[in-house]
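Since the structure is predicted, the reported quantities are computational estimates derived from the model, not experimental observations. Here is how names work: the chains are called A, B, and so on, in the same order as the sequence lines, proteins then strands, and each is numbered from 1.
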Number of protein chains: 2
Amino acid sequence: MAQSATVERILDAAEMLFAEKGFSETSLRAITGKAGVNLAAVNYHFGSKKALIQAVFARYLTPFAVKLNEELEKYQGTSAEEPPTIEMMLKTVSYTMADIANEYGNGPSVFMRLLGLSYLESQGHLRKFLVDKYGQSFKRVEALLRQVNPELSDVDRFWNWHFMLGTTVFTMAGMNPLRQMSEHSYDQDTPVDEVVKKLIPFLAGGLRGASDAAKAGLSETESVV
Amino acid sequence: MAQSATVERILDAAEMLFAEKGFSETSLRAITGKAGVNLAAVNYHFGSKKALIQAVFARYLTPFAVKLNEELEKYQGTSAEEPPTIEMMLKTVSYTMADIANEYGNGPSVFMRLLGLSYLESQGHLRKFLVDKYGQSFKRVEALLRQVNPELSDVDRFWNWHFMLGTTVFTMAGMNPLRQMSEHSYDQDTPVDEVVKKLIPFLAGGLRGASDAAKAGLSETESVV
DNA sequence: TGTACATCAGTGAACGCGCGTTCACTGATGTAC
DNA sequence: TGTACATCAGTGAACGCGCGTTCACTGATGTAC
């Protein structure tokens, strides 16, 4: 499917417009107009708008899942006795993502905004597609997280992992309006990679806060407050 | 406007459907159908779909802004020498929000999901409406945050405040699918208030992580990694 | 007390519009004999 | 080498549909005299 120039142009245009306006607010006419191809080409190549949305994700996620697993291989050896720090893992994930997003699409903030939309827009088909296709690939990340903070229960780790994901997705998805607000209020723009640098200590601190609470509290969460 | 039963029924139905499916995927026919009122009633009472969306937010946010400022009054006295802890402030905000959401609408998770959608769906009119109408009301929260972690610069505090907001919004907005995933993977459901209890140490830890990084690094953020 | 008029919440049906999808078609390239 | 057919990317125009909005209208309640 990916051999045709038309297919690539549709994917590029769709990706940018989806990230900008969301899935349901982006029409096939807007996509094919931006791509400079015929309206019917989307249905010819992809079959439907839903399938196009999934293809946009697959173009990022398939190489990302492969690359991330390769990168995380490196930590498998040094695992049990000397676990990697939270910050090391976060850097690995974020750098891998940035590399992939630059190579295969329109960059990391577009990618993250798509991820954010995939959670919040009610595209049931998309959630199912992502879980079915990529759920298995990210089991290794889960296993590594267990080594980073073994004091958390599996359920607690699940939730804190999604807290981290949420912070990241929300930040990247709202990057442009947030930067505008920062500029407007403090006369100071913050480039995307500066934001990511601020994000990492926040995420790491959050995970440590959760671990500390688990060590201190043990079922009586009230005591930490 | 709020004296008519029809108006309230439209707001209730709209709120639930917006939270469930997003703004652009919810039609006026669905809203008026659920509310049991005539299709034209929305345009009669509110003028347009956009104005309805704004009215749904106003019903929550107007009392919330008032109540939150009242609650935070209490900390103003004890401020400079003995600042409130991060956890205290987070509890105040979250409890106030839960109270308001239960009293004026369909509960906290619906409210937070609406907030999340307001960031991620490209409803330009809505963002403008929220900033114009409520921006000023939340200046006090900003001032209190400054007392909690004075070592952060204003810009850093802005970003970390939005990291916290992002975590919360994302979590509450995706509450249902996340709970399903937790149940599916660990055979263990997590009630909403349990999730909030897990969230607070994460947020507090994140803010502490940012403060520590600021104290340690001072412009050379690299050193914390 | 009765009549005429104004106001207002709500209605039913229709409006035009943009949407995703479909379909018959074209023209270029490859393949079989 | 030439002819007939098949395959395939891409096209132009139309399809039906659901959308937000509009408009003339109804019926109940309030107000002036």
Side-chain angles (χ1 to χ4, degrees), chain A residues 1-59 114 117-118 121-126 128-129, chain B residues 1-59 114 117-118 121-126 128-129:
Chain A
M1 187 192 279
Q3 66 277 20
S4 149
T6 302
V7 166
E8 289 300 315
R9 297 178 60 170
I10 291 172
L11 285 172
D12 283 337
E15 184 180 301
M16 278 188 275
L17 289 170
F18 285 153
E20 199 178 306
K21 298 165 104 47
F23 304 115
S24 56
E25 304 237 335
T26 301
S27 69
L28 293 186
R29 281 165 180 80
I31 293 168
T32 53
K34 186 180 179 98
V37 304
N38 186 274
L39 167 63
V42 168
N43 279 274
Y44 175 73
H45 284 289
F46 297 93
S48 68
K49 187 183 180 183
K50 285 183 181 180
L52 170 61
I53 294 173
Q54 294 173 8
V56 165
F57 277 85
R59 190 167 64 149
L114 289 176
L117 288 165
S118 78
E121 270 201 39
S122 60
Q123 299 280 339
H125 71 96
L126 181 56
K128 186 171 178 347
F129 168 80
Chain B
M1 186 191 279
Q3 66 276 21
S4 149
T6 302
V7 167
E8 288 301 314
R9 297 178 59 170
I10 291 173
L11 286 172
D12 283 336
E15 183 180 301
M16 280 188 274
L17 289 170
F18 285 154
E20 199 178 307
K21 300 163 102 50
F23 304 114
S24 56
E25 305 236 351
T26 301
S27 69
L28 294 186
R29 282 165 179 79
I31 293 169
T32 52
K34 187 179 179 98
V37 303
N38 187 274
L39 167 63
V42 168
N43 279 273
Y44 175 73
H45 284 288
F46 297 93
S48 68
K49 187 182 179 182
K50 285 182 180 179
L52 170 61
I53 294 173
Q54 294 172 7
V56 166
F57 277 85
R59 191 167 62 150
L114 289 176
L117 288 165
S118 77
E121 270 201 39
S122 60
Q123 299 281 339
H125 71 97
L126 181 56
K128 186 170 178 349
F129 168 80

Side-chain N or O of His45(B) versus OP1/OP2 of dG10(C): is the shortest distance under 4.0 Å? yes
State the pairing partner of dT1(D); accept Watson-Crick or G-U wobble contacts with both distances under 3.5 Å, and report none otherwise. none
Nucleotide dG12(D), atom C1' - distance to CG of Asn38(A) in whole Å: 7 Å
Nearest heavy-atom contact between Gly36(B) and Arg9(B) is CA-NH2, 4.1 Å
So if I define the base as every atom that isn't primed, P, OP1 or OP2, how would nucleotides 21-28 of chain C read as a B/S/- string at a heavy-atom cutoff under 4.0 Å? BB------
Over all strands shown, is Ser24(B) touching base, sugar-phosphate only, or nothing at heavy-atom distances under 4.0 angstrom? nothing
Distance in angstrom units between Ile31(A) CD1 and dG18(C) P, rounded: 17 Å
Whole angstrom is fine here: how far is it from CD1 in Ile10(A) over to C1' in dT11(D)? 13 Å
Quick check on side chain to side chain donor-acceptor pair (under 3.5 Å): which of His125(A), Arg59(A), Lys49(A) does Gln54(A) satisfy it with? His125(A)
dC25(C) pairs with, by Watson-Crick or G-U criteria that keep both distances under 3.5 Å: dG10(D)
On the nucleotide dC19(C), are OP1 or OP2 found under 4.0 Å from the side-chain N or O atoms that Ser27(A) carries? yes
Rounded to the nearest 0.5 Å, the CG atom of Leu52(A) sits from the CD atom of Glu15(A) at a distance of 10.5 Å
Establish, with yes or no, whether the OP1 or OP2 oxygen of dA9(D) is under 4.0 angstrom from a side-chain nitrogen or oxygen of Thr6(A). no
Can you tell me how far CG of Leu117(A) sits from CG of Leu117(B), rounded to the nearest 0.5 angstrom? 10.0 Å
Across all strands, who's sitting opposite dC17(C) as a Watson-Crick or G-U wobble pair, both distances under 3.5 Å? dG18(D)
If you measure from CG on Leu11(B) to CZ on Phe57(B), what distance do you get to the nearest 0.5 Å? 12.5 Å
Result for 5'-nearest mapping on DNA chain C, choosing between Gly36(B) and Thr26(A), is Gly36(B)
Just wondering, do Thr6(A) and Tyr44(A) contact through their side chains at under 4.5 Å, heavy atoms? no
Heavy-atom closest contact (Val56(B) atom, Ala14(B) atom, distance): CG2-CB, 4.0 Å
